Amino acid sequence: MSKVIDLCVIGAGPAGLAAAARAAQGGLNVLLLDEQPAAGGQVWRNAGAALAGGSMPAAQAEKAYHGAAAALRRLAASGVDHRAGATLIDIAAPETAPGPGPEAVVEITWRAPSRAEAPRIRQTAAGAVICATGAQERPLIFPGAELPGVMGVGAIQSAYKQSGLVPGGEGVVLAGHGPLLLLTLAQIRAAGGRVAAVLDLGAPGAMAAVARTLPRALIGDPALMARGAGLMLRRALSGVPVYRRVTGLRAHGADSIEAVSFSSAGRATRLPARLLGVHDGVIPNAQVSRLLNLRHVWDAGQGAFLPVRDTDGAVAPGIWLVGDGAGIGGAEIAAMEGEQAARAALARAGRGPDVQGPAARHLTRRRAARRLVEALYPPVPMGAYATDDALICRCETVRVADVRAVLGTGIDGPNRVKAMTRCGMGPCQGRLCANPLTRLISAETGRSPDAVGALRIRPPLKPVLLMDYLAPETMPEVSA
Amino acid sequence: MSLFRRSGPPAGAITITVDGRAVPACAGDTVATAMLAAGYDAIGAHVKSGRPSAPWCLIGVCFGCQCSIDGAPDAQACLVPARDGMVVETPQPLTDKEGKA
């Protein structure tokens, strides 16, 4: 297959936007594929429309979308071919591309958003690819988590940014820990909503790690530290009851959540709940790095596997991984990494000297700030709420007990557990269960996450219809 | 009562059809946020368990909002912008010969 474009960027969040715009400004012809309806990623979801006066009050939009307006203007001026609603299906691994040099071609398979564009499945040959596929929330495993009305606080954020939706009425409970939970609490209250209680699931007593990371964090990113302290203060002043040292978390209900029960400091409590927002931090969306079969190393601070990268984010000739999809750092670090990878891609294409941008020094400082966030909010231990009857795989309704039973027979790898239980075989393809499964096996067997490993990921990266491969003239009549 | 209410300025009113019922929505919604705003806590039933299924992530990860949209049977409602006249059908549980989920 001959090269048709210079660079394909996957993901239009802060990292992908920076990479695409920088590369296009440097003279590369760039295709930007993004699954979401509009550019911005999750942190800047719907920024274009919101800043133009849709979905949420203007004052809120200014706060929520710090930095977005400039990034979107830069994209618009760059000449990048941005396809919204495009789904990544496959990336041909570099070893299967012809030749390792700058002439190597990476083959990208993707799905166009609309059936009117048949065949929806497209193949694009690119000289290079920068993957910026972002983060997702880490699922919290506890009984009843699959009931309607239980969702990630990231989903509450997403509904707010997309459509200005705010939890309404009584029975709103937040459970978990971390900056996103504090931000969501502040936003709900600013929009006039009520939160009945916060269940703090954070483990107390990591003070040594906090003290060790605090000084560099204060120097590295004082603005972030101030925002974080402000959110903590607002929670303290909000008067919302906070339950600590929570054990035995469980959601109850028939067709949707009706109550949440738990013990706090040893006292059994049951609260009525219609909406339970849960949060245990964010992790890289690992589908692409796993698809590419890269070496991963467990990062205890992030509680996730991270792909092993060069300093500019390169993982193979002509392939870079940047932003939260390669390791959680937040929007500013992501944008810097995107810039850096684009510079490297330009150099590789003979369009500029291979110099590290001014970003490198700032990157080091901002990453120091991230270490404090990790020290403050370590992942909730796997065993804390994962009772036998809790679901670990929603798609295939696999319970923790099913995995424990298989482990009891001496099977101890996630891919063998998958074969025995179907954990990870449903439509989400392990996005929700891969991280919990590695941690559960590690906790049950006493082996390190690196020794346990992770679910293998294969193409297609999202379920596709055979029909989507067909051109209109060969399309059969299909009744839905 | 809906889990969510709209906090922003009124956007252009559109109508989508969910399982044959007219559902008011706003321009700029995704199909998933339109349904949440209209009071759908669940988006159909889980095909395996038969239990109500609902969005958990709203960013295209969890497949809790998978449904049929304008005849595309595998759509993720959180990734599809709502358009006036759109036809949505929510999933029903697979049943065996005795009609059990």
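So that the names make sense, note that chain A is the first sequence line, chain B the second, and so on, each numbered from 1. Hydrogens, waters and symmetry mates are skipped; everything else that's a heavy atom, side chains included, is used. The structure displayed is predicted, hence computed values, not measured ones.
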So how far is it from [X] [atom1] to [Y] [atom2], rounded to the nearest 0.5 Å?
X      : Y      : atom1 : atom2 : result
B:C78  : A:E35  : SG    : CD    : 8.0 Å
A:R431 : B:W56  : CZ    : CH2   : 13.0 Å
A:L432 : B:F63  : CG    : CZ    : 10.0 Å
B:L36  : A:S163 : CG    : OG    : 9.0 Å
A:N46  : B:T33  : CG    : OG1   : 9.0 Å
B:Q76  : A:T87  : CD    : OG1   : 7.5 Å

Could you tell me which portion of [X] (side chain, backbone, both or neither) has an atom closer than 4.5 angstrom to a non-hydrogen atom of chain B?
X      : value
A:V172 : neither
A:Q157 : neither
A:A190 : neither
A:I257 : neither
A:A84  : neither
A:P139 : both

If you compare all heavy atoms of [X] against all heavy atoms of [Y], which two are closest, and at what distance to 0.1 Å?
X      : Y      : answer
B:S49  : A:T397 : CB-CG2, 3.7 Å
A:G192 : B:R5   : C-NH2, 3.5 Å
A:D255 : B:R51  : OD1-NH1, 4.3 Å
B:H46  : A:R394 : NE2-O, 2.9 Å
B:P73  : A:L465 : CD-CD1, 3.6 Å

Self-check item: Largest heavy-atom contact set with chain A, pairs under 4.5 Å, which of B:V80, B:D70, B:D74
Solution: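 When all of B:V80, B:D70, B:D74 are compared, B:D74 has the most.
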Self-check item: For chain A, the option from B:A25, B:C62, B:A42, B:P81 that forms the most heavy-atom pairs under 4.5 Å
Solution: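 Maximum pair count with chain A is reached by B:C62.
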Is it true that a side-chain atom of [X] and a backbone atom of [Y] form a donor plus acceptor pair closer than 3.5 Å?
X      : Y     : result
A:S158 : B:L58 : yes
A:K462 : B:G60 : yes
A:Q36  : B:I59 : yes

Quiz item: Under a 4.5 Å heavy-atom cut-off, does chain A meet the side chain of B:R6, its backbone, both or neither?
Solution: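 Looking at B:R6, backbone and side chain both touch chain A.
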Quiz item: Is it the side chain or the backbone of B:C57 that comes within 4.5 Å of chain A heavy atoms, both, or neither?
Solution: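 Interface part for B:C57: backbone (N, CA, C, O).
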